Novice: 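This is the structure I have questions about; it appears just below.
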Amino acid sequence: MYENLLSPNEFANISGISRQTLIFYERKNVFKPILKNEKGFRFYSLEQLDVIVTIQGLQTIGLSLREIQDYIENRNAELIYELYSSKLIPLKQTVQKYNRMIEMMNVKLELIKKAKSVLLDTIYLEYRPAIQIIKSKKIPLDASDTIQYKILGEHMEYRKVKDYSLGHAVAGIVDWKRAIESMTDKTQYRYYYTILPSSHEETDYSVIESGTYIVIYHKGPYNQTYEIYPKIIEYVKENHFEIESTLYEESLIDETTESDPNNYITQISVRIKEIF
């Protein structure tokens, strides 16, 4: 009577499921042998392979053993359609989340690679495509350090909530005209901003316009980038350039990659209006 039946070891070898897992499924009433004789020996049929494949598939999409048990007993085409439809959206969201993480980690790697290749304190002319950004609240001209850090903290919290923290560091926007007129002892930002990943869902965002930019790379703390502004001024005068009033500062090496602020590397760029 056991001629067409399989022992647990035989069934395990054919199905790819361990004997221990078969026993576990049996205890949980998810999958049982087709026969258990008076001596307690278990036997399975080849037809039961379809059930094992079904169980594995349902586990893959995240069903619990209790849910699988209910499904196995009542499965039909309508049920599987409803089940897969309900699971598809969260799975797509998970895929999107991990794709974004991969993208932002690649961004970080590229920034570090770029920082290693550029010449510090050297003027470059670079073409920049349009870049979508999200800005912080505007920082008042007379803002105290407390207010600036409060605005920075709010922007960083927003980055955290939106999962923007793995890619570009918090960047800064400087009013160029005010910067060269005041020449204070620290860099004064008008906004903090974050470069958005390509897959973002923001609707209220700003754009750094495409065009040719004067770019220079500064090594040191963020609040000391102003020290390199005279070099930009000199270059602009020598080449008779007209530039925009907005200066952008983006970290290539920041606090996430260096513990010593003296090793931070910041990309400073300002767009040329016309070349005479």
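Position 1 is the first residue of the sequence, and the numbers go up from there. Every value quoted in this text rests on a predicted model; they were computed, and no experiment measured them. The figures that follow rest on heavy atoms only: side chains count, while hydrogens, waters and symmetry mates do not.
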Novice: Does a side-chain heavy-atom distance below 4.5 Å link I265 with E258?
Specialist: no

Novice: Backbone N or O of L141 within a donor-acceptor pair of the R178 side chain at under 3.5 Å?
Specialist: yes

Novice: Any chance you could measure L125, atom CG, to S269, atom OG, to the nearest 0.5 Å?
Specialist: 12.0 Å

Novice: Apply side-chain contact (heavy atoms from CB on, under 4.5 Å) to the pair Q267 and Y213, showing each step before the final yes or no.
Specialist: CA-CA 11 Å; Q267 173 184 278; Y213 284 75; over 6 Å; no

Novice: Flag the pair R42 / L35 as yes when at least one side-chain heavy-atom distance between them is below 4.5 Å, and no otherwise.
Specialist: no

Novice: At their closest point, which heavy atom of S210 faces which heavy atom of A130, and how far apart are they?
Specialist: CB-N, 3.4 Å

Novice: Evaluate the side-chain contact (heavy atoms from CB on, under 4.5 Å) criterion for residues F11 and I52: first the C-alpha distance (whole Å), next the side-chain angles of each, then the deciding distance (0.1 Å), finally the verdict.
Specialist: CA-CA 10 Å; F11 189 81; I52 281 294; 3.8 Å; yes

Novice: Walk me through it: do Q59 and L65 pass the test side-chain contact (heavy atoms from CB on, under 4.5 Å)?
Specialist: CA-CA 8 Å; Q59 283 184 308; L65 289 179; 3.8 Å; yes

Novice: Would a hydrophobic clustering, with Ile, Leu, Val, Met, Phe, Trp and Tyr connected at side-chain separations under 4.5 Å, put L119 with V215?
Specialist: yes

Novice: Could you tell me whether a side-chain N or O of Q48 sits under 3.5 Å from a main-chain N or O of K32, the two making a donor and an acceptor?
Specialist: yes

Novice: Can a donor-acceptor pair be found, under 3.5 Å and without considering hydrogens, that links the side chain of E103 to the backbone of S198?
Specialist: yes

Novice: Supply the atom-to-atom distance T94 OG1 to I89 CD1, rounded to the nearest 0.5 angstrom.
Specialist: 12.0 Å

Novice: Scan Y193, Y222, Y189, Y192 and name whichever one has a side chain to side chain donor-acceptor pair (under 3.5 Å) with E249.
Specialist: Y189

Novice: Between L83 and I61, is any pair of side-chain heavy atoms under 4.5 Å apart?
Specialist: yes

Novice: Can you check whether P33 reaches F43 side chain to side chain, under 4.5 Å on heavy atoms?
Specialist: no

Novice: Can a donor-acceptor pair be found, under 3.5 Å and without considering hydrogens, that links the side chain of T256 to the backbone of A169?
Specialist: no

Novice: Around E238, counting heavy atoms of other residues, nucleotides and ligands shown, do more than 12 lie under 6.0 Å from its CD?
Specialist: yes

Novice: Measure the CG-OG1 distance between L252 and T266 for me, rounded to the nearest 0.5 Å.
Specialist: 7.5 Å

Novice: Just verifying a value: how many Å separate L247 CG and I173 CD1, rounded to the nearest 0.5 Å?
Specialist: 10.0 Å

Novice: To the closest 0.5 Å, what do you measure between CG (L152) and CD (E157)?
Specialist: 12.0 Å

Novice: Just checking Y124: does its OH atom have more than 12 heavy atoms from other residues, nucleotides or ligands closer to it than 6.0 angstrom?
Specialist: yes

Novice: In terms of hydrophobic clustering (I, L, V, M, F, W, Y; side-chain heavy atoms under 4.5 Å; direct or indirect links), are V53 and L79 co-clustered?
Specialist: no

Novice: Taking E209 first and then R271, would you say they form a salt bridge - that is, a charged N and a carboxylate O separated by under 4.0 Å?
Specialist: no

Novice: Might you work through the side-chain contact (heavy atoms from CB on, under 4.5 Å) test for I233 and V236, ending with a clear yes or no?
Specialist: CA-CA 5 Å; I233 295 171; V236 168; 5.8 Å; no

Novice: Do V51 and L46 belong together in a cluster built from hydrophobic side chains that touch within less than 4.5 Å?
Specialist: yes

Novice: By the definition side chain to side chain donor-acceptor pair (under 3.5 Å), identify the one residue from R159, Q132, H168 that meets it with T194.
Specialist: R159

Novice: Looking only at non-hydrogen atoms, find the nearest pair between I34 and L5 and report the distance.
Specialist: CG2-CD2, 3.9 Å

Novice: Measure the shortest side-chain to side-chain distance between E67 and L58 over non-hydrogen atoms and say whether it is less than 4.5 angstrom.
Specialist: no

Novice: Are any side-chain N or O atoms of T257 and backbone N or O atoms of I253, one a donor and one an acceptor, separated by less than 3.5 Å?
Specialist: no

Novice: Any chance OH of Y158 has more than 12 other-residue heavy atoms, nucleotides or ligands included, within less than 6.0 Å?
Specialist: yes

Novice: Closest approach of L22 and P8, non-hydrogen atoms and distance?
Specialist: CD1-O, 3.9 Å

Novice: Write down the atom of K135, the atom of I133, and the distance for their closest heavy-atom approach.
Specialist: CG-CD1, 3.9 Å

Novice: Is it true that E110 and K114 make a salt bridge, defined as a side-chain N closer than 4.0 Å to a carboxylate O?
Specialist: no

Novice: Taking a hydrophobic cluster as the set of Ile, Leu, Val, Met, Phe, Trp and Tyr residues connected by side-chain heavy atoms closer than 4.5 Å, whether directly or through intermediates, do I123 and I228 fall within one such cluster?
Specialist: yes

Novice: Linking I/L/V/M/F/W/Y whenever their side-chain heavy atoms sit closer than 4.5 Å, directly or via other members, would F24 and F31 fall into one cluster?
Specialist: yes

Novice: Any donor-acceptor pair under 3.5 Å linking the side chain of E10 with the backbone of S7?
Specialist: yes

Novice: Can you check whether I147 reaches I139 side chain to side chain, under 4.5 Å on heavy atoms?
Specialist: no

Novice: Looking at R19, is its backbone amide N or carbonyl O close enough to the side chain of T21 to form a donor-acceptor pair, meaning the two atoms are under 3.5 Å apart?
Specialist: no

Novice: Inspect the surroundings of CE in M104 and state if more than 12 heavy atoms from other residues, nucleotides or ligands are less than 6.0 Å away.
Specialist: yes

Novice: Is it true that E234 and K237 make a salt bridge, defined as a side-chain N closer than 4.0 Å to a carboxylate O?
Specialist: no

Novice: If every non-hydrogen atom of K231 is compared with every non-hydrogen atom of I216, which pair is closest and at what distance?
Specialist: CD-CD1, 4.0 Å

Novice: Under a 3.5 Å cutoff, is there a donor and acceptor pairing between the side chains of Y164 and E202?
Specialist: yes

Novice: Spell out, as yes or no, whether a donor-acceptor pair under 3.5 Å connects the side chain of D260 to the backbone of N262.
Specialist: yes

Novice: Are the side chains of I80 and Y71 in touch, meaning some heavy atoms are under 4.5 Å apart?
Specialist: yes

Novice: First locate atom OH of Y264, then atom NE2 of H218, and finally report the distance between them rounded to the nearest 0.5 Å.
Specialist: 13.0 Å

Novice: Over 60° means perpendicular and under 30° means parallel, so classify the ring planes of Y229 and Y226, tilted if in between.
Specialist: perpendicular

Novice: Looking at every non-hydrogen atom in both residues, tell me the closest pair between L111 and E250 and how far apart they are.
Specialist: CD2-OE2, 3.8 Å

Novice: Within a strict 4.5 Å, meaning less than it, do heavy atoms of the I232 and W176 side chains meet?
Specialist: yes

Novice: Would one find more than 12 heavy atoms of other residues, nucleotides or ligands at under 6.0 Å from atom OH of Y127?
Specialist: yes

